[in-house]
Amino acid sequence: MSTRNYWKRMSHRQLSRRTLLRASARAGVGATGLALVGCGDDDDDAQTVVQAQPQEQQEQPQPAAQPQQQQQQQQVMQQEQTEQQAEQQAQQADQQEQQAEQGTVEAIEREEAEQDVQAAEPEVDLDAHVRVAIGRYTAGLDPQRSGSQTNYVNGACTFDSGMSNHPETAALEPNLVQLPEIVDPTNVIFHVTPGVVFHNGTPYTAHDLEFNFERVSSAAEYHQGGETSDHPNEWASARQTFGTQNFASYSVIDDLTFAVETPAPNASLAGSIMSGAVRHMSKQYVEENGDAHVDGVFAIGTGPFRFIESDPDVGAKWTRNDDYHKPRDGLTNPRLPWFKDFEVQIRPEPLSQIAGIEAGEIDAIYNLPTDVAEPYRDNPNFKVLYQPSSQPTHYIMFNTHDSVAEVDGVPNPFLDIRVRQAANLAINRQEIIDGLLTGTEGPAFGPYRGTIGYPGEALESRYHGYDPEQAKALLEEAGYPDGLDVDLHIVTDFQPIVPVLALPVQEYLEAVGIRTTIKEYLSSEYFRTVRTFELPGMFWFFTNTIAEPETVIGSGVSENGFYAVSVYPETEIHELYEAQNQALDPGERARLLEEMYITFYDNYSWLFLTEVSAAAMTAANVNWPVGSAELRGEGTLSAIQKLKNV
């Protein structure tokens with residue numbers, strides 16, 4: 001116990017009532033005197049009463065004389081009774097005082113504990129400079145241009161999305177735009193959040209909202225869908241599926257109101273077009289400066305950070321946007337940042353990123369391979385935090401488009417379901433999970449399990465499993481007794497785990513007769529290549545973690561999706577996709593989603609691989625709190641807290 005605690009407790013103690021009671025019994029004080037000793041009186045007052053009583057007794061008249069022996073016996077009995085009564089009251093007082101003292105001690109201990117906790121809670125440094133290491137940094141600053149959209153750090157720091165998600169449930173929450181006003185099944189009104197401003201001080205209005213939908217759909221009047229773009233490398237939208245083609249009509253009613261009519265009921269409208277897939281830009285700034293400027297020179301948005309500068313070989317810098325429209329202690333991310341200055345440093349090697357934390361040059365890392373982070377779990381200089389990867393479900397798409405129906409006179413093997421089935425049966429997913437991942441992941445079934453309507457049990461009951469002998473038999477039955485040769489296209493700088501996983505996948509496939517040649521791409525080229533549908537073979541891909549499934553199935557499952565490498569018009573997959581998208585009743589939509597996912601899985605539409613986890617790491621003096629439905633990554637950078645005196 002500290003000296004402070006001891007003296008504080010002593011100041012709460014009073015002279016014990018039981019001490020007075022026992023002393024009065026020994027002094028021969030009667031019952032009348034005992035009754036005057038109170039529980040809450042001041043010590044001096046109580047002592048005065050005890051001392052005054054013998055004097056009063058002496059002044060009372062004395063009884064007639066009695067025989068000496070009888071008088072002595074009576075005196076002894078009276079004394080014993082007095083002492084017994086005093087002892088009983090002393091015991092009662094003892095219990096009362098112990099209870100009172102215990103309550104006082106407990107109250108003091110609670111108060112001291114609260115003070116100790118408050119003293120132990122380090123203060124967040126609101127003027128801190130936070131440095132985050134990343135493996136790659138895309139040069140482009142335009143979050144809507146194909147290729148540049150993969151600069152996710154800039155997209156999340158400089159720009160903002162229409163709506164946010166609840167940190168625990170992933171339900172839609174207001175951001176640049178309020179939750180939609182449903183007029184009827186095909187008419188929706190979006191109200192812009194008042195008071196939001198771009199970094200140059202101009203207000204965000206419904207005209208900007210309209211402009212962004214037109215621009216991502218390649219319908220922006222100022223450059224006619226990119227045809228008159230001044231961009232030296234041309235301009236193509238990376239977010240085509242989220243644009244005005246979703247609308248039958250649309251109009252700006254006033255500066256804060258945007259009305260939309262859809263061709264049919266659209267259950268996913270708000271969750272897709274207002275998601276983080278579309279980062280909103282300033283109509284005025286883009287039109288005045290052009291595509292080349294906003295992609296290669298400077299970026300203006302409404303995001304939580306103001307862009308300063310970037311170098312694709314070094315990194316980029318931002319500073320806090322003190323005019324950000326959401327408070328730092330609010331419900332959703334992004335938020336007004338807990339620190340002042342922010343920079344990302346490019347360190348391609350994970351061990352170099354970790355060494356940066358150890359040297360005090362880096363504060364946080366995310367999307368680390370879990371096996372790299374594992375040795376540092378018990379190191380007091382680090383905090384290691386496991387979570388799903390930002391691309392948590394990996395799969396390989398078979399190109400089944402008409403453009404590759406025949407290559408050099410040879411039919412496309414993946415048009416045969418038996419070949420697709422053989423590829424799926426060739427992969428020992430559990431061995432990959434146990435050997436290269438954390439052991440807690442599961443097989444992939446298509447969608448991310450955190451999306452709306454994910455039918456986990458129904459899909460897991462249909463798991464394809466691992467059966468290389470049956471895979472060989474299916475290939476022979478399909479007319480490939482000697483196997484076949486195909487290209488496997490992968491992106492090397494987007495997810496560090498992809499090149500690692502690609503090697504065992506290649507070996508498993510070769511073991512059953514599917515011989516692959518791995519073709520490697522950087523992300524700036526890969527995604528544009530995938531969208532052409534011109535190259536034959538297999539393409540490695542992954543889902544995102546957005547709760548609205550449209551962001552994945554609309555781009556990769558629908559026959560019209562811009563990443564839909566695998567299309568099967570002979571099935572009901574596309575019809576089921578359209579039906580679920582028009583089902584405004586959540587229960588009916590969930591039923592249709594389940595049927596679509598099962599049909600897609602049973603068709604062996606992709607080579608379904610595994611779920612993938614990742615790790616985030618911070619220095620010991622850094623907190624990075626997120627909700628259960630959030631990830632530590634680009635979307636929650638503003639939640640990082642650098643602590644003082646730790």
Side-chain angles (χ1 to χ4, degrees), residues 143-144 159-165 171-196 198 203-225 237-284 286-287 301-302 325 452 546-555 558 560-562 577-586 588-589 592:
Q144 298 173 359
F159 301 95
D160 224 334
S161 58
M163 294 181 189
S164 298
N165 294 97
L172 287 177
E173 295 286 343
N175 193 24
L176 296 179
V177 178
Q178 298 297 299
L179 296 180
E181 177 187 342
I182 309 299
V183 179
D184 59 46
T186 59
N187 284 276
V188 181
I189 293 178
F190 294 103
H191 298 279
V192 170
T193 301
V196 178
F198 288 101
Y204 175 87
T205 72
H207 297 281
D208 295 291
L209 182 59
E210 177 188 50
F211 169 78
N212 281 277
F213 289 140
E214 290 180 341
R215 190 170 190 259
V216 299
S217 64
S218 295
E221 184 178 350
Y222 83 100
H223 71 170
Q224 299 176 6
S237 172
R239 303 303 186 203
Q240 185 83 28
T241 193
F242 304 108
T244 54
Q245 68 270 23
N246 292 287
F247 312 149
S249 64
Y250 59 94
S251 62
V252 173
I253 297 176
D254 57 43
D255 282 352
L256 297 178
T257 313
F258 181 63
V260 167
E261 180 185 6
T262 56
N266 190 333
S268 65
L269 183 68
S272 58
I273 67 173
M274 295 296 179
S275 72
V278 180
R279 300 293 180 177
H280 293 222
M281 306 178 73
S282 164
K283 179 178 188 292
Q284 175 187 349
V286 173
E287 290 181 345
T302 62
H325 60 280
I452 296 169
I546 297 174
E548 172 51 59
E550 172 65 16
T551 61
V552 170
I553 62 177
S555 60
S558 163
N560 301 322
F562 52 84
Y577 160 76
E578 291 187 327
Q580 64 79 30
N581 205 37
Q582 295 179 23
L584 298 182
D585 177 73
E588 176 64 8
R589 189 186 186 206
L592 290 166

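When reading the values below, keep in mind they use all heavy atoms of this one structure, side chains included, and skip hydrogens, waters and symmetry mates. Counting begins at 1 with the first residue of the sequence. Just so you know, these numbers come straight off a predicted model, no measurement behind them.
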- Message: Under a 4.0 Å threshold between the charged nitrogen and the carboxylate oxygen, would Arg589 count as salt-bridged to Glu550?
- Response: no
Here the pair of heavy atoms bringing Ala264 nearest to Thr186 is C-CG2, 3.8 Å
Keeping the roles fixed (side chain from Asn175, backbone from Ser161), state whether a donor-acceptor pair exists under 3.5 Å.
yes
*Could you give me the CA-CA distance, side-chain angles and deciding distance for Met163 and Phe190, then say whether side chain to side chain contact (heavy atoms under 4.5 Å, CB included) is met?*
CA-CA 11 Å; Met163 294 181 189; Phe190 294 103; 4.2 Å; yes
*Parallel, tilted or perpendicular for Phe247 and Phe258, by the 30°/60° rule?*
perpendicular
CZ of Phe198 to CE of Met281, rounded to nearest 0.5 Å, is 9.0 Å
I'd like to know if the side chain of Thr257 reaches the main chain of Ile253, judged simply by a donor and an acceptor atom lying under 3.5 Å from each other, with no hydrogens or angles considered. no
Rounded to the nearest 0.5 Å, the OH atom of Tyr250 sits from the OG1 atom of Thr262 at a distance of 14.5 Å
Looking at Gln580 and Tyr577, would you say the former's side chain and the latter's main chain have a donor-acceptor pair under 3.5 Å?
yes
**Request:** Show the numbers, then the answer: is there a side chain to side chain contact (heavy atoms under 4.5 Å, CB included) between Ser237 and Arg215?
**Result:** CA-CA 8 Å; Ser237 172; Arg215 190 170 190 259; over 6 Å; no
* To do: Could you tell me how the ring of Phe211 sits relative to the ring of Tyr222: parallel (under 30°), tilted (30 to 60°) or perpendicular (over 60°)?
  => tilted
All heavy atoms of Asp208 vs all of Asn212, minimum pair found to be O-ND2, 2.7 Å
In short, Thr193 meets Val177 closest at the heavy-atom pair OG1-N, 3.7 Å
*asked:* With side chain to side chain contact (heavy atoms under 4.5 Å, CB included) as the criterion, how do Glu210 and Lys283 come out once you've worked through the C-alpha distance, each side chain's angles and the decisive distance to 0.1 Å?
replied: CA-CA 9 Å; Glu210 177 188 50; Lys283 179 178 188 292; 5.6 Å; no
**Prompt:** Regarding Glu214 and Thr244, is there a side-chain donor-to-acceptor distance under 3.5 Å anywhere?
**Reply:** no
Tightest non-hydrogen contact, residues Thr551 and Ser275, listed as CG2-OG, 3.9 Å
dist Asn246:CG -> Asn581:CG (nearest 0.5 Å) comes out at 8.0 Å
Correct closest heavy-atom pair for Thr241 and Gly554 would be OG1-O, 4.2 Å
* Asked: Hey, does Val192 have a side-chain heavy atom less than 4.5 Å from the side chain of Leu176?
  -> no
Closest non-hydrogen atoms of Glu548 and Ser268, given as atom of the first, atom of the second and distance, are OE2-CB, 3.2 Å
Residues at least two apart in sequence or cross-chain that pass side chain to side chain donor-acceptor pair (under 3.5 Å) with Glu173, listed by chain then number, are none
- Message: Looking at Val278, is its backbone amide N or carbonyl O close enough to the side chain of Gln144 to form a donor-acceptor pair, meaning the two atoms are under 3.5 Å apart?
- Response: no
Side-chain heavy-atom pair His207, Gln284 within 4.5 angstrom cut-off: no
Next on the checklist: Parallel, tilted or perpendicular: which one describes the rings of Phe213 and His280, with boundaries at 30° and 60°?
Outcome noted: perpendicular
Notebook entry, point to check: So Leu172 and Leu179, side chain to side chain contact (heavy atoms under 4.5 Å, CB included) or not? Walk me through it.
Noted result: CA-CA 7 Å; Leu172 287 177; Leu179 296 180; 3.9 Å; yes
Taken to the nearest 0.5 Å, the spacing of Tyr204 OH from Asp255 CG works out to 12.0 Å
